[in-house]
Amino acid sequence: MAEIEVRFPDGKRRRYPQGTPLARIAADTGRADALVARVDGRLVDLAAALDAEAAVEFLNFEDPDGRMVYWHSSAHLMAQAVKQLFPQAQLAIGPPIEDGFYYDIDIGRPFGPEDLAQIEERMRDLARQDQTIERVEIPRDEAIRLYQEMGERFKLELLEDIPDARVSFYRQDGFLDMCRGPHLPSTGRIKAIKLLSTSGAYWRGDEHQPMLQRIYGVTFPEPAQLDAYLHQLEEAKRRDHRRLGRELELFAFAEEVGQGLPLWLPRGASVRMTLERYIVDLETQLGYRHVYTPDLADVELYKISGHWEHFRENMYPPMEIDHEELVLKPMNCPHHIMIYKHQQHSYRDLPIRIAELGRMYRYERSGTLAGLHRVRSMTLNDAHIFCRPEQIEEEFAGVIRLIQRVYRDLRIEAYRYDLALHDPASKEYYHHDEDLWAMAERLLRQVLDDLGLAYTSVLGGANFYGPKLDVQIRTATGAVESLSTVQLDFLLPRRFGLEYIGEDGKAHPPVMIHRAIISTMERMIAFLIENYAGAFPVWLAPEQARILPIADRHNAYAGQVSVRLREAGLRAEVDASNERISYKIRNAQMMKVPYMLVVGDREAESGQVAVRRREGGDLGPMALDAFVERVRQEVAAKA
RNA sequence: GCCGGCGUAGCUCAGUGGUAGAGCAGCGCACUCGUAAUGCGCAGGUCCGGGGUUCGAAUCCCCGCGCCGGCUCCA
């Protein structure tokens, strides 16, 4: 029999008879941990035979692709368990996701917690049986017949979209599921199983389609990994800004005020104000000019802009009074446009950068509201740059540099750039000037490439008026949200008939760049709370120092210290409660105050403070001026 | 908005048909204390709201509101 050469990632080569199963090669090379193989870059079942020479790599659970296969097979295992327990169940799709897997299933009623426990138990049984998972390929029409017999309507719909003459299935015991694969060699590989939650999920994500039941789960090769994962989930909950927001007295919601309408408590308002001053100062340095505009506008304004057509479902309905139809402002751009339009502009004036901490109201569906991350009343760090076409690249690049500067200052490290492009197939949403789209999108790519920015392209993510670059972050609960955004717009200036007088003495439409750096104050602060786990750096901390008198007789001196600190521009408070020093320290630590200043007889006599740092503990006594200087330097460095 | 879960004191939670409880927080008193919880006492509740079943409802049923996890959508 012919021999073939197999190349491994470490550069080694071995020869095997043609047709040797990959599983044997894995065993032969001491890779008992292999879950799946990558053959010439393609993922393949271990059961598959190797027919030609190839580069072969074995993937275990540590490999992201290996893990996906593991969770994909886990989804099948869950479906198998569900099918055994509920034979009438109709299966839809069951993919692996970033942290586990889910399967969308219709059993004609919702799953309850007891169902989950039962399914989980059955999964363990099936895994213990260590059933072989095998791939079967059958002709498409046979697959259709099979699913017709089984009454699997969702699988039949999926089949409609598969043009191939043969489709692959995977079988374990009596359970058969249409699937591209690859999969684990057997169910026994799945050791630690946890079903996490159920929820409704529309078939194909479309709310006009039937609602299926989605079960989320996660599995691991080692029970300890599952424990670690569950522990990590608990830790994430501790960081959740909704929890910290309450504990640290930053913000609150009240039923009487309304859903999604946050109340900023003094401490949260302090953080917000610091951040607002910071960004406004920075923008002023960069040539932005700040404005104020009203929260209400005639709906006509949004009819001109096109928002009424495209964004109406997110707007509060008009209030009619005195022959005007007023809506709550969902966007600041039309107002800024009107400010531009108020005067005539020469090409020499451009770019004009109009900025505002603009309060907006958007109707978000009740089910989507989430703490400060998604609210109905929000303040956007908004600005609109009006420029000449040849200034786009420079202005766009300037905005990106500003984003990078701000993220460095705020110590934001985990984020991703998404370049959101229009989808030419979706005609009804986007404006129809394809040349303009092509130009705008080419320009953006150019700027990003020049800056050497790594980004992901998202087809269909653009606004109706133009493409955009979004900065995506992850919340403590794992949701992905947009923070900063930069958007290119050729459309609105035309709709509003904006112009500038060019060198040629003729009128030309300017180009608009919409941008938000800090995002909304709500979302950014939600993110920062989670980013810092509530422990704000000194420059942002609502309370920078807490003065802790040892005994009642030191309260007067503590008061003097606090006055001097405040005069020096620090945010400081005195804990004059009738408590012991350890207790006061404990409270200050729990409120995550960066500096604690202990004052007793020694300090009062010498005019000093005993400094304790939130991280690092006791720093010893220090002259008050020295402490002020220390904090000032930290604030300046945003350390 | 849709599906599921949850809603008891400011917070965390116990209480599954017989008249509501703990810890922490709050207030008072004593101790006057040196780097993550001093002790004692007091007060605090339309048990989310409304309706129903029952001799009797925090507990069972119905409707509504809010929150949480998803679906969908955006900063």
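Labels below follow one simple rule: chain letters A, B, ... track the order of the sequence lines, proteins then strands, and each chain is numbered from 1. When reading the values below, keep in mind they use all heavy atoms of this one structure, side chains included, and skip hydrogens, waters and symmetry mates.
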Separation of the [atom1] atoms in [N] and [M], to the nearest angstrom:
N     : M     : atom1 : value
B/U8  : B/U16 : C1'   : 14 Å
B/G51 : B/A58 : P     : 14 Å
B/G34 : B/G49 : P     : 48 Å
B/C60 : B/C47 : C1'   : 16 Å
B/G44 : B/C33 : P     : 35 Å

- Comparing A/Q589 and A/M378 on RNA chain B - which has the more 5′ nearest nucleotide: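 Nearer the 5' end of the strand: A/Q589.
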- Query: More 5' along RNA chain B: A/Y583 or A/R246, using each one's nearest nucleotide?
  - Reply: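 Closest to the 5' end, via its nearest nucleotide, is A/R246.
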Closest nucleotide among [options] to the [X] side chain:
X      : options             : result
A/R612 : B/C65, B/U35, B/A75 : B/U35
A/Q259 : B/U38, B/C74, B/G66 : B/G66
A/Q487 : B/G69, B/A75, B/U72 : B/A75
A/M211 : B/G70, B/C74, B/G1  : B/G70
A/R586 : B/A36, B/G34, B/A75 : B/A36

- Does the side chain of A/Q472 come under 3.5 Å of the side chain of A/S482 through a donor N or O and an acceptor N or O?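 Yes, a side-chain donor-acceptor pair sits under 3.5 Å.
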For [X], answer base if it contacts any base atom (sugar-phosphate contacts may also be present), sugar-phosphate if it contacts only those atoms, and nothing otherwise; contact means non-hydrogen atoms under 4.0 Å.
X      : result
A/L196 : nothing
A/T198 : base
A/G205 : sugar-phosphate
A/Y363 : sugar-phosphate
A/D206 : nothing
A/Y102 : nothing
A/I581 : sugar-phosphate
A/E256 : nothing
A/S582 : sugar-phosphate
A/R374 : base
A/A370 : nothing
A/R362 : base

- Task: Ignoring hydrogens and angles, answer whether the base of B/C31 and the side-chain atoms of A/N578 contain a donor-acceptor pair closer than 3.5 Å.
- Result: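 Checked by distance alone, the answer is yes.
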- No-H, no-angle donor-acceptor pair, A/Y202 side chain to B/G1 base, under 3.5 Å: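 Such a pair is found, so the answer is yes.
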- Query: A/H241 and A/F527: aromatic ring centres closer than 6.0 Å?
  - Reply: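 Judged by ring-centre distance (under 6.0 Å), A/H241 and A/F527 do not meet the cut-off.
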Under 4.0 angstrom between [X] side-chain N/O and [N] OP1 or OP2:
X      : N     : result
A/R214 : B/C3  : no
A/R553 : B/C33 : yes
A/S482 : B/C74 : no
A/Y595 : B/U35 : no
A/R376 : B/C74 : no
A/Q213 : B/C3  : no
A/K468 : B/A75 : yes

- Message: Does the plane of the ring in A/F464 sit parallel, tilted or perpendicular to the ring in A/H307? Use 30° and 60° as the thresholds.
- Response: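 Answer is perpendicular, since the angle exceeds 60°.
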- Aromatic rings A/H384 and A/H336: how do their planes relate, parallel, tilted or perpendicular, breaks at 30° and 60°?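 Plane angle over 60°, so perpendicular.
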A quick test of your reading: do over 12 heavy atoms of other residues, nucleotides or ligands sit less than 6.0 Å from [atom1] of [X]?
X      : atom1 : result
A/K303 : NZ    : yes
A/R277 : CZ    : no
A/Q404 : CD    : yes

- Message: Distance to the ring centre below 6.0 angstrom and angle to the axis at most 45 degrees; does that hold for A/R612 and A/Y595?
- Response: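 No, A/R612 does not lie over the aromatic ring of A/Y595.
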- Query: Paired with B/A58: which nucleotide, if any, by Watson-Crick or G-U wobble criteria at under 3.5 Å for both distances?
  - Reply: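 When the pairing criteria are applied, nothing turns out to pair with B/A58, so the answer is none.
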